[in-house]
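Inspection log for the structure reproduced underneath, given as structure tokens.
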Amino acid sequence: PAEPTMVLRLKFLNDTERLARVRPGDTVGALKRAHFPGQEQQVRLIYQGQLLRDDTQSLAALHLTHNSVLHCHISQHSPAPAPAGPHASADPVHAALNVGSLMLPLFVLMLAVLWYFQLQYRHVFTATATTFLAGLTLLFSFMAFTMYRR
């Protein structure tokens with residue numbers, strides 16, 4: 001007997017939807033090949049907040065049912081090949097240098113240098129400049145604590 005088919009709803013970032021008729025035994029890779037030919041490497045499928053990384057996993061193993069929603073993200077460029085070696089990252093997005101994570105240490109360093117100069121060359125700093133530096137330090141501290149408290 002033929003395996004029953006089910007319909008999955010493929011939802012894109014721009015809120016458009018496409019229906020995909022699949023079988024529970026189909027794999028994630030087969031779904032990508034059937035509905036995104038030539039773009040399999042650029043397509044990211046997300047189900048219930050989890051990125052479906054394993055293209056060999058069957059849809060039944062993911063507990064997908066009729067009318068389940070798969071969120072689809074299609075990147076404009078193919079992902080960079082993963083680096084080989086003992087420290088290779090499984091996720092190429094996290095393998096790249098995250099410049100955003102360098103901002104906090106950079107601002108801390110800049111504030112430390114400004115406070116050093118304020119203490120060493122007190123005669124150069126006016127009361128307004130010192131007040132501004134103290135306010136900037138308080139503002140930055142407040143922002144840093146609220147961001148990293150979560």
Side-chain angles (χ1 to χ4, degrees), residues 1-118 128-129 131-150:
E3 195 175 13
T5 62
M6 62 181 177
V7 174
L8 298 178
R9 294 170 38 210
L10 304 176
K11 189 166 185 162
F12 297 88
L13 292 177
N14 61 2
D15 281 336
T16 59
E17 283 190 17
R18 188 189 313 173
L19 298 179
R21 188 168 296 279
V22 296
R23 290 186 163 75
D26 290 349
T27 63
V28 173
L31 173 68
K32 287 180 182 180
R33 281 189 298 279
H35 295 279
F36 305 98
Q39 294 180 305
E40 297 92 348
Q41 295 299 316
Q42 287 99 341
V43 173
R44 299 285 178 259
L45 297 176
I46 301 163
Y47 179 62
Q48 293 183 339
Q50 297 296 317
L51 179 63
L52 306 181
R53 297 175 194 257
D54 187 4
D55 283 354
T56 62
Q57 194 170 26
S58 74
L59 301 177
L62 294 168
H63 307 293
L64 290 167
T65 58
H66 182 71
N67 265 342
S68 290
V69 176
L70 284 176
H71 294 274
C72 303
H73 174 263
I74 303 174
S75 63
Q76 297 305 315
H77 53 79
S78 62
H87 300 291
S89 173
D91 188 0
V93 173
H94 292 101
L97 177 64
N98 186 0
V99 177
S101 66
L102 298 175
M103 293 307 289
L104 179 67
L106 181 66
F107 283 133
V108 169
L109 180 66
M110 286 177 20
L111 280 174
V113 167
L114 284 172
W115 275 110
Y116 172 79
F117 283 126
Q118 199 282 334
T128 306
T131 304
F132 180 73
L133 181 59
L136 189 64
T137 302
L138 285 173
L139 177 68
F140 177 75
S141 300
F142 175 74
M143 288 174 44
F145 283 120
T146 55
M147 280 176 35
Y148 289 99
R149 185 176 56 174
R150 290 184 243 151

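Quick note: numbers below take in every heavy atom, side chains included, and nothing from hydrogens, waters or symmetry partners.
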Taking the side chain as every heavy atom from C-beta outward, state whether [X] and [Y] have any pair of such atoms under 4.5 Å apart.
X	Y	answer
D26	L31	no
F12	I74	yes
R9	L70	no
M6	L64	yes
V69	L10	no
T137	F142	no
L133	L111	yes
V28	L62	yes

Any idea which heavy atoms bring [X] and [Y] closest together, and the distance?
X	Y	value
F36	C72	CZ-SG, 4.0 Å
Y47	H63	OH-O, 3.7 Å
V43	K32	O-NZ, 3.4 Å
G25	S58	O-CB, 4.1 Å
R18	H35	NH1-O, 2.7 Å

Measure the [atom1]-[atom2] distance between [X] and [Y] for me, rounded to the nearest 0.5 Å.
X	Y	atom1	atom2	value
L52	T27	CG	OG1	11.5 Å
S68	Q48	OG	CD	7.5 Å
K11	H73	NZ	NE2	15.5 Å

